[in-house]
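These notes concern the structure reproduced below.
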Amino acid sequence: MEDNSKLQQATKIYKALGEPTRLKIARLLANEANLCCSDIGIKLESIAGSTLSHHLKQLTDCGLLSTYKEGIYYYSLDRELIGKYAPYVME
């Protein structure tokens with residue numbers, strides 16, 4: 001029987017990646033680590049800043065993204081976690 005916390009984490013991750021824009025963000029960060037919000041927005045094209053912030057929060061809340069601040073926030077993908085739950089993202 002699976003550990004309930006692992007099941008909950010998997011559910012959050014799959015729910016977050018079930019939205020196409022969030023999947024694109026994860027795939028982008030799989031190829032280019034440590035991007036700021038504006039760089040992600042430029043690379044994705046035609047996405048409003050507030051919408052992008054919402055997507056980044058969803059990915060961060062489920063543990064897929066980590067952040068650090070150097071004047072502005074930078075995002076990177078948790079490669080171990082994504083490799084465990086959604087290896088397609090790394091392709």
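Side chains included, hydrogens not; waters and symmetry mates left out as well; all remaining heavy atoms used. Numbering starts at 1 and runs along the sequence shown.
- T60 is linked by a side chain to side chain contact (heavy atoms under 4.5 Å, CB included) to L65, T67, Y75, counting only residues two or more places apart in sequence or in another chain.
- One hydrophobic cluster holds both Y73 and L44 under the rule that ILVMFWY side chains link at heavy-atom gaps under 4.5 Å.
- The salt bridge (charged side-chain N to carboxylate O under 4.0 Å, His left out) analysis of residues 45-72, with sequence neighbours excluded, yields the pairs K57-D61.
- Inter-residue side-chain proximity for I40 and I47 is flagged as unmet; no heavy-atom pair is nearer than 4.5 Å.
- Contacts classified as ring pair (Phe, Tyr, Trp, His ring centres under 6.0 Å) and involving residues 7-55 (residues at least two apart or in different chains) are not found.
- In this view, S53 and C37 satisfy the side chain to side chain contact (heavy atoms under 4.5 Å, CB included) rule, not counting sequence neighbours.
- Summarising the geometry, atom CD1 belonging to I13 is positioned 13.5 Å from atom NZ belonging to K15; distances are rounded to the nearest 0.5 Å.
- For K12, the salt bridge (charged side-chain N to carboxylate O under 4.0 Å, His left out) criterion is met by no residue, not counting sequence neighbours.
- Atom CG of L56 is separated from atom CG of L29 by 7.5 Å, given to the nearest 0.5 angstrom.
- Here the closest heavy-atom approach between residue L59 and residue A16 is recorded as CD2-CB, 4.1 Å.
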Just distance, no hydrogens or angles: give the donor-acceptor pairs under 3.5 Å from side chains in residues 77-91, sequence neighbours left out.
| from | atom 1 | to | atom 2 | distance (Å) |
| --- | --- | --- | --- | --- |
| D78 | OD1 | E80 | N | 3.2 |
| D78 | OD1 | L81 | N | 2.9 |
| R79 | NH1 | A30 | O | 3.2 |
| R79 | NH2 | A30 | O | 2.7 |

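- Under a 4.5 Å side-chain heavy-atom criterion applied to ILVMFWY residues, the cluster that includes I72 comprises Y68, Y74 as well.
- Looking at residues two or more places apart in sequence or on another chain, you find no side chain to side chain donor-acceptor pair (under 3.5 Å) involving S50.
- The list of salt bridge (charged side-chain N to carboxylate O under 4.0 Å, His left out) pairs with a residue in residues 26-42, not counting sequence neighbours, reads E32-K43.
- Qualifying side chain to side chain donor-acceptor pair (under 3.5 Å) partners for S66, counting only residues two or more places apart in sequence or in other chains: S76.
- For the pair A26 and L17, the tightest heavy-atom approach, listed with the atom from each and the gap, is CB-CD2, 3.9 Å.
- Partners of N31 under the side chain to side chain contact (heavy atoms under 4.5 Å, CB included) rule, at least two apart in sequence or in another chain, do not exist in this structure.
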